[in-house]
2 protein chains.
Amino acid sequence: MADIPTPAVTISAIAEEAGVSAPTVSRVLNGRGDVAPATRERIESLLRARGYRRRGSRGGEMVGLLDLVFNDLDSPWAVEIIRGVEDAAHAAGSGIVVSAIHRRESSTRQWLQNVRSRTSDGAILVTTDLDSSLRAELEELHMPSVVVDPVGVPDLAVPTIGATNWAGGLSATDYLISMGHRRIAFVAGRPELWCSRARLDGYRAGLETAGLNVDDDLVVPGEFDYESGFRAGERLFGLADPPTAVFSASDQMTLGVYEALRRRGLRVPADISVIGFDDLPEARWASPPLTTVRQPLAEMGRLAVHTVHRLARGEAIESPRVELATELVVRDSTAPVTVSSAE
Amino acid sequence: MADIPTPAVTISAIAEEAGVSAPTVSRVLNGRGDVAPATRERIESLLRARGYRRRGSRGGEMVGLLDLVFNDLDSPWAVEIIRGVEDAAHAAGSGIVVSAIHRRESSTRQWLQNVRSRTSDGAILVTTDLDSSLRAELEELHMPSVVVDPVGVPDLAVPTIGATNWAGGLSATDYLISMGHRRIAFVAGRPELWCSRARLDGYRAGLETAGLNVDDDLVVPGEFDYESGFRAGERLFGLADPPTAVFSASDQMTLGVYEALRRRGLRVPADISVIGFDDLPEARWASPPLTTVRQPLAEMGRLAVHTVHRLARGEAIESPRVELATELVVRDSTAPVTVSSAE
DNA sequence: CTGAAAGCGCTTACAG
DNA sequence: CTGAAAGCGCTTACAG
């Protein structure tokens with residue numbers, strides 16, 4: 001949805017439409033107390049409806065600021081995206097405003113409030129849950145936006161950028177099969193996320209193509225974080241017939257699997273092969289360095305910047321949905337299945 | 001140095017002082033080409049000298065934006081700071097603009113350029129190298145700033161926030177000594193950084209207090225990153241008389257040490273004890289979970305926000321130099337020295 | 001609680 | 001290359 005340049009929504013335009021004077025609208029905007037509740041309400045809804053945004057004396061130029069919104073900043077995953085976004089934004093002479101909304105309605109309100117008072121050229125939303133209402137508001141603010149790694153099925157109203165999760169799941173599984181593994185476990189990611197589904201389906205497809213059954217005991221739930229990876233590992237290696245390889249849907253969970261293995265005295269990759277997903281710096285730093293499916297997070301961030309900037313300039317974008325390629329990165333956590341572990 | 005409210009430096013004030021008209025100054029500010037070089041230069045230096053900042057029609061209010069500047073965004077260390085800053089800034093209704101200047105003069109210029117055109121309430125500089133010239137410019141922009149984890153000896157002109165690095169170095173060393181270790185190695189951080197020196201001195205103090213000699217073979221250089229930690233590990237365990245414990249000045253280097261140990265078939269903590277510094281999330285996720293000196297990075301970020309905000313409001317700050325306490329976090333990478341390794 | 005008037009900081013044609 | 005004039009978007013007293 002490229003923005004058709006609308007007839008500048010100024011304070012006086014709003015005032016006219018509301019049947020009041022400009023100073024009154026100004027008072028509402030600045031939160032001065034002395035406005036009749038009814039008037040205030042009428043003006044406020046009009047401001048929202050028309051997407052009023054404070055602007056300098058100069059017209060509709062870009063302000064050189066892009067909003068980058070996460071649910072949480074507590075994962076190393078987030079930095080990778082920040083890096084790509086920072087890089088591309090600064091190259092384009094723009095700054096990035098980083099926010100975390102913690103999946104809380106209140107934080108989201110506050111962020112919108114903040115955005116409204118300072119203006120920015122667009123928003124990059126990362127795995128945001130509250131798309132529906134949030135996006136409606138952004139629409140009202142006439143703020144171009146793009147979603148990186150969307151939660152649910154992309155609805156095409158907002159452009160999305162992701163990775164080829166299904167293909168990544170497939171390539172990891174294929175690789176393990178090519179090393180002779182037959183009992184391959186999968187530790188899933190947060191089930192409500194679109195990308196988790198795709199990775200799981202890629203894993204299933206890999207097994208089925210090779211004529212292997214999907215053993216439900218070997219598919220365990222996870223939440224993408226270290227703790228759930230650890231729990232998954234405990235469960236998997238407590239099995240009567242444990243797997244010879246584990247593929248988990250995030251690097252962080254894989255580190256949890258490592259620890260579960262260490263506690264049982266099992267060695268990677270001698271006793272068991274392990275593959276992760278993401279290729280965070282942590283994957284290189286793991287001991288042994290982790291074989292993983294690389295997701296080009298920084299590139300996704302860069303592309304997101306170019307996409308919002310296009311939207312902000314009213315240019316067309318190639319496709320509302322882009323998936324960048326994942327790639328298997330082989331390191332030291334995978335090895336051919338051994339006779340002892342395979343039996 | 002709190003800002004005394006100066007007589008608003010507006011375009012017309014600059015114009016008058018430069019002996020030109022307001023439109024001419026406006027043209028310079030907007031990079032229009034049609035200004036005589038001499039005029040442009042005169043105006044530009046005046047803009048800098050007077051600390052001209054674009055402001056809305058409303059006066060000297062705060063704009064609700066804080067700049068957070070890193071050299072690089074490639075370490076998990078950075079996110080911890082971002083988290084604290086984001087948290088405190090949003091609580092105060094402010095957004096944060098995150099930049100990476102990559103130690104490059106050009107990126108720094110670009111950032112300053114960017115800041116100049118959009119205005120922000122202040123800057124938080126993290127381990128910035130180019131303090132001298134950069135800070136002079138910020139001073140000119142009348143932009144309050146604080147440095148987190150300063151590179152060199154703090155000069156008191158700008159408030160700084162750090163951690164008790166010396167005490168942290170001491171407590172890690174004391175702890176290892178209390179476990180019976182006598183040959184304790186130290187992997188140092190980037191030598192030009194103030195915090196590296198303090199950690200090293202804390203280590204030395206710990207040894208000396210216990211009546212142990214500092215063995216120069218056991219003090220190896222590092223750069224804070226994984227690779228230098230790995231190299232340090234290789235060197236240390238190639239020694240004729242290797243250490244029974246290693247204390248390294250960052251968690252990232254410690255992960256490199258882990259890998260060097262794994263390659264030699266040495267086990268943590270059975271064969272050797274290891275302590276890190278920082279307590280990044282990575283420390284919890286290491287296998288085995290890492291004993292480390294916690295640095296309250298998020299709190300340092302939060303304090304930085306409160307400090308710039310105070311400066312921005314012209315309030316006094318308690319102390320130009322604050323150090324927050326470090327704390328030893330004991331996990332599974334340390335154990336009493338064993339007879340076999342101690343001999 | 002609201003508006004008419006004045007004003008502020010800045011920019012945009014226009015003219016030379 | 002530069003300025004006088006007009007104008008824009010907004011806010012600030014002031015008056016009722």
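Every chain is numbered from 1, with letters handed out A, B, ... down the list of sequences.
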- Rounded off to whole Å, could you give me the CD-to-P distance for the B/Glu41 and D/dT2 pair? 13 Å

- Would you tell me if any nitrogen or oxygen in the side chain of B/Thr39 comes within less than 4.0 Å of OP1 or OP2 on D/dC1? no

- In terms of side-chain heavy atoms of B/Thr24, which of C/dG3, D/dT2, D/dC1 is nearest? D/dT2

- Whole angstrom is fine here: how far is it from CZ in A/Arg27 over to C1' in D/dC14? 11 Å

- Message: Closest approach to the side chain of B/Ser26, judged atom by atom: which nucleotide of D/dT2, D/dT11, C/dT11 is it?
- Response: C/dT11

- Could you tell me the separation between the CD1 atom of B/Ile11 and the P atom of D/dG7, rounded to a whole number of Å? 20 Å

- Message: Once rounded to the nearest 0.5 Å, what's the spacing between atom CD of B/Glu299 and atom CD1 of B/Ile161?
- Response: 11.5 Å

- Item | Minimum-distance nucleotide to B/Val20 side chain [options: D/dT2, D/dG3, C/dT2] | D/dG3

- Tell which nucleotide pairs with C/dA13, taking only Watson-Crick or G-U wobble pairs whose two distances are both under 3.5 angstrom. none

- Task: Identify the nucleotide, in any strand shown, that forms a Watson-Crick or G-U wobble pair with D/dA4, with both distances under 3.5 Å; if there is none, say none.
- Result: none

- Query: Nearest-Å distance, CD1 (B/Ile14) to C1' (D/dT2)?
  - Reply: 18 Å

- Consider the side chain of B/Pro23, meaning its heavy atoms from C-beta on, and name the nucleotide among D/dA4, D/dC1, C/dA5 that approaches it most closely. D/dA4

- Picking from D/dT11, C/dG3, D/dT2, the nucleotide nearest the side-chain atoms of B/Asp34 would be D/dT2

- Query: Can you check whether A/Ala18's main-chain N or O pairs, donor with acceptor, with A/Arg42's side chain at less than 3.5 Å?
  - Reply: yes

- Can a donor-acceptor pair be found between the side chains of A/Asp121 and A/His309 at a distance below 3.5 Å? no

- Task: Using only heavy-atom distances, determine whether the side chains of B/Ser107 and A/His90 contain a donor-acceptor pair under 3.5 Å.
- Result: no

